[in-house]
Trainee: 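Please find one structure pasted underneath; my questions will follow.
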Amino acid sequence: MKKIALFASGSGSNVQAIADSVQKGEIPAEITILVCDQPDAYVIKRAEKLQIPVFAFRAKDYSSKAEFEREIVQKLQEAEVDYIFLAGYMRLIGETLLNAYGGKIVNIHPSLLPAFPGKDAIGQAFTARVKITGVTVHFVDEGMDTGPIIDQEMVRIANEDTRESLQVKIQQVEHQLYPKVIRQLVTEASRGEGKK
Ligand code: GRF
């Protein structure tokens, strides 16, 4: 069974959706660590309830990104992680993590990339008054939301939508799409190994 890490900074509703899907047996993987850069974030409470081991840190306790990423890599190695899924991790992944896990790091972003990369993608789409936005799952490279796209799903913005109602719609789609993509990736990776 593949071992996966989840990275988050906030509420962790995507972490919850992925963990629920793992528990139901839909994703053939074990979540062996949650990495969180905000020790007060609600996602840590969720992880404790879900009995997922947590590595929480504060970036300001380290002298550089390379330094805290070296520690993250060490924790990931101890947890024997095969794949990393970013779920609202609000930091750009640096060289140290990319060198160790390049091609194995996946992110979810709340817009149809390449439109609206970066922070507050939902607010950006709402303010731009586009009629269609959505959700993208993509591999992570050194850029901000620029890596190869794995899957996308669209969300229509209705005239009566507010920024808040749009966020609800986007999150509902995220909670379906991310577990689905993770299941596909993990299943394909396990099959590939079976053939060897
Ligand atoms: C999600 O909208 C995700 O697309 C973005 O950050 C948000 C995290 O939400 N990268 P949550 O913490 O999973 O509730």
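Order of listing sets the numbers, starting from 1, for every ligand and every atom in it. Basis for what follows: all heavy atoms, side chains included, without hydrogens, waters or symmetry-related copies.
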Trainee: Throw together a table of side-chain donor-acceptor distances under 3.5 angstrom for residues 111-119, partners on residues two or more places apart or in other chains.
Mentor:
unit_1	atom_1	unit_2	atom_2	d
Ser111	OG	His109	NE2	3.3
Ser111	OG	Ala115	O	2.6
Ser111	OG	Phe116	O	3.3

Trainee: Ignoring angles and geometry beyond distance, decide whether Asn107 reaches within less than 3.5 Å of ligand 1 through its nitrogen or oxygen atoms.
Mentor: no
Trainee: Of the protein's non-hydrogen atoms, which lies at the shortest distance from atom 14 (O) of ligand 1, and what is that distance?
Mentor: Ser13 OG, 2.6 Å
Trainee: Of the non-hydrogen atoms in Thr127 and Gly123, which two are nearest, and what is the gap between them?
Mentor: OG1-O, 2.7 Å
Trainee: Side-chain atoms of residues 37-48: list all donor-acceptor pairs with protein atoms under 3.5 Å, sequence neighbours left out, distances to 0.1 Å.
Mentor:
unit_1	atom_1	unit_2	atom_2	d
Asp37	OD1	Ser9	OG	2.8
Asp37	OD2	Arg91	NE	2.7
Arg46	NE	Ser11	O	2.6
Arg46	NE	Gly12	O	3.3
Arg46	NH1	Gln16	OE1	3.3
Arg46	NH2	Ser11	O	3.4
Arg46	NH2	Ser11	OG	3.4

Trainee: Is any side-chain heavy atom of Arg70 closer than 4.5 Å to one of Gln74?
Mentor: no
Trainee: Among all protein heavy atoms, pick the one closest to atom 7 (C) of ligand 1 and tell me residue, atom and distance.
Mentor: Gly88 CA, 4.2 Å
Trainee: Considering all heavy atoms of both residues, which atom of Leu185 and which atom of Tyr83 are nearest to each other, and what is their separation?
Mentor: O-OH, 4.3 Å
Trainee: Give the residue, atom name and distance (to 0.1 Å) of the protein heavy atom nearest atom 1 (C) of ligand 1.
Mentor: Glu174 OE1, 3.2 Å
Trainee: Report the nearest protein non-hydrogen atom to atom 10 (N) of ligand 1: residue, atom name, distance rounded to 0.1 Å.
Mentor: Ile108 O, 3.2 Å
Trainee: Write out the residue and atom name of the closest protein heavy atom to atom 12 (O) of ligand 1, then the distance separating them to 0.1 Å.
Mentor: Gly12 N, 2.8 Å
Trainee: Please name the pair of heavy atoms, one in Val173 and one in Val155, separated by the smallest distance, quoted to 0.1 Å.
Mentor: CG2-CG2, 3.6 Å
Trainee: Is Gln171 in contact with ligand 1, taking contact as a heavy-atom separation below 4.0 Å?
Mentor: yes
